[in-house]
Amino acid sequence: MRVATGLSVLVLGAGGIGHAVVSSLEGGIGRVDPFKDMKNRPQSGHGTNLLLVGTDGRDTITKAEKQKYKLGGAPCHCTDTIMLVHLSADKQRASVVSLPRDSYAEIPAHTDRTTGRKHDSHPVKLNAAYAEGGPTLTVRTVEHMTGVKVDHYLEVDFTSFMKTVDAVGGVEICTARPMKDSYTGLDLPAGTHRLDGGRALQYVRSRHVDVGSDLGRMQRQQKFMAALIKQATSNGVLLNPVRFQQVSASVLGSVRADEGFGTEQMLELGKAMKDFSPASSEFTSVPIGNPSFPVKGIGSTVQWDAAKSKKLFQALREDKPLAPAKPKPAAGAPKKDQAALVDVAPEEIRVQVYNGTPKDGLGKDVDAGLRATGFNTTDAPLNGKLRDLARTLVTYDPRWDRSAKSLAAALPGSELKAVKGQGATMEVTAGSDFTKVRPVRAESKQTGEFATVTGDEVVCP
């Protein structure tokens with residue numbers, strides 16, 4: 001869950017910073033050898049693949065921080081989050097694939113790094129590979145499961161995550177509904193928030209804010225990574241060598257990477273990625289076949305969809321984008337960065353519009369405005385029973401109250417009225433106060449064969 005730090009190492013190298021500056025920072029990176037004695041590895045594809053792992057290390061966090069952000073308890077010395085990041089050969093796209101930590105895995109034969117015992121291949125949850133065999137066994141297991149050759153390894157912990165967020169000045173997160181998790185202490189009302197390192201850690205760790213549990217948490221982690229990219233590429237860090245060195249020096253001291261990821265690699269990536277933005281990134285999770293696959297002696301695991309997963313990783317090897325190509329916006333369509341976030345996507349909401357005033361064509365204007373921002377209108381507005389309505393009225397069945405709130409957000413100042421038995425179709429009666437429809441969009445809308453979102457679709461409007 002802290003792997004956003006690893007990606008930030010790449011992003012922070014994107015400003016054409018000089019060789020001497022980057023060389024002076026390289027010494028602060030902890031080094032590991034995750035590829036030691038590895039044989040029979042997958043063939044290299046096109047582009048570069050990085051395995052980003054987040055561990056639950058917290059040795060350098062103060063007692064006060066542990067108490068404030070609920071970081072108590074003994075660490076498991078395992079990977080709490082694993083992401084495979086593919087940088088395209090032309091360095092114009094980053095594809096981020098989340099691998100659930102509870103994924104059913106069969107780790108290769110190895111020697112336990114703690115006990116020294118030799119083990120045959122056996123089933124585990126994916127995050128246990130690190131506990132048994134460290135970075136090397138983690139890389140071997142991921143390569144075995146995905147068929148993707150890992151070129152570089154980046155590892156971060158609680159400390160490096162918090163330092164990264166604080167160093168770039170905090171990260172802006174938007175949520176359409178309140179988020180509260182007593183396990184992590186997260187307590188965010190609906191709206192826009194700038195999170196410092198500690199609160200950001202609560203945000204990406206939380207598993208009890210919705211029914212999605214780990215799968216919902218992975219989506220929030222991806223959303224956070226997109227927001228971090230936006231922050232790092234828009235606040236001048238990349239263009240100011242002094243600022244770049246200050247930020248990087250505060251971050252890299254608690255990051256571990258393979259020996260091959262050094263000055264030259266950072267400079268090469270930085271030069272190629274100088275125009276990187278949230279829109280350059282795409283995010284997805286491994287397709288799931290069974291989210292509760294029981295395994296004797298292990299418990300409930302997450303079983304991948306074999307056919308869909310194979311196709312996903314083949315696309316990475318072939319350097320193909322995971323998100324579908326975006327059509328050009330229609331003339332007059334609202335820009336996404338102007339749209340307000342709502343809980344339910346407008347495309348999922350059926351609307352019948354009525355004209356509640358004597359003004360000719362008002363119903364047609366409201367219907368067209370709602371349809372332009374994505375609502376599923378009937379495209380056949382009618383005259384309402386009321387013809388002197390001052391305030392626009394939205395009536396809805398209480399069973400669809402979340403949809404009603406999303407619709408009302410597109411009609412600022414409108415009145416909400418529950419009507420039992422109305423059914424799934426919302427009804428809007430336009431009043432004389434209507435001026436225009438406010439564009440809205442859901443927090444994230446996964447699209448395409450691999451249920452992908454791009455970074456610009458999940459950052460704050």
Side-chain angles (χ1 to χ4, degrees), residues 3-19 22 41-52 83-99 142-143 146-154 222-223 225-234 237-239 244 248 257-258 260-286 310-329 336-337 446-459:
V3 297
T5 304
L7 187 58
S8 72
V9 172
L10 306 183
V11 175
L12 293 177
I17 305 300
H19 189 285
V22 177
R41 302 183 66 192
Q43 290 185 344
S44 297
H46 302 286
T48 304
N49 300 309
L50 303 99
L51 186 63
L52 305 183
M83 291 184 181
L84 191 60
V85 176
H86 174 80
L87 299 174
S88 61
D90 61 7
K91 304 299 188 295
Q92 298 299 305
R93 182 185 71 256
S95 303
V96 182
V97 181
S98 294
L99 312 181
V142 170
E143 287 191 344
T146 65
V148 174
K149 185 177 181 180
V150 174
D151 300 302
H152 294 294
Y153 174 90
L154 293 173
Q222 294 169 353
K223 181 177 179 178
M225 290 182 69
L228 178 63
I229 292 172
K230 179 180 179 181
Q231 176 69 9
T233 56
S234 64
V237 168
L238 305 183
L239 301 178
F244 170 82
S248 299
D258 64 277
F261 187 70
T263 300
E264 298 301 329
Q265 288 70 33
M266 284 191 280
L267 284 171
E268 180 184 355
L269 289 171
K271 182 179 179 180
M273 296 169 61
K274 64 180 182 298
D275 296 323
F276 210 70
S277 71
S280 308
S281 57
E282 54 183 12
F283 302 89
T284 191
S285 301
V286 174
K310 182 178 180 180
K311 201 168 185 179
L312 169 67
F313 295 120
Q314 181 179 347
L316 287 187
R317 290 192 297 272
E318 295 177 356
D319 200 23
K320 295 180 179 179
L322 304 181
K326 294 182 181 180
K328 293 183 179 180
K336 287 195 173 184
D337 59 358
Q446 298 174 325
T447 59
E449 182 179 10
F450 303 118
T452 308
V453 296
T454 54
D456 57 318
E457 294 174 325
V458 294
V459 295

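Because the structure is a prediction, the values reported are computed rather than measured.
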Any heavy-atom pair between the side chains of [Y] and [X] that's under 4.5 Å?
X      : Y      : value
Lys223 : Phe283 : no
Arg93  : Ser280 : no
Leu51  : Leu154 : no
Leu84  : Phe313 : yes
Met225 : Gln222 : no

Show the nearest heavy-atom pair for residues [X] and [Y], with the distance to one decimal.
X      : Y      : result
Thr146 : Arg317 : O-NH1, 3.2 Å
Leu312 : Ser285 : CD2-O, 4.4 Å
Val458 : Ala226 : CG2-CB, 3.7 Å
Ala451 : Thr284 : O-OG1, 3.3 Å
Pro42  : Gly147 : CB-O, 3.4 Å
Arg41  : Val150 : NH2-O, 2.8 Å

> Roughly how far, to the nearest 0.5 Å, is CG of Leu316 from CG of Leu322?
Replying inline: 5.5 Å
>> Can you list everything that forms a side-chain hydrogen bond (donor to acceptor under 3.5 Å, both in side chains) with Thr454? Sequence neighbours excluded, please.
In response: Lys326, Asp456, Glu457
>> So, using salt bridge (charged side-chain N to carboxylate O under 4.0 Å, His left out) as the criterion, who are the partners of Lys320 when residues are at least two apart?
In response: Glu318
>> Run the side-chain contact (heavy atoms from CB on, under 4.5 Å) test on Lys149 and Glu143 for me, step by step, so that the C-alpha distance in whole Å, both residues' side-chain angles and the decisive distance to 0.1 Å come before the verdict.
In response: CA-CA 6 Å; Lys149 185 177 181 180; Glu143 287 191 344; 3.9 Å; yes
> Is there a donor-acceptor pair closer than 3.5 Å between any side-chain N or O of Asn49 and the backbone N or O of His86?
Replying inline: no
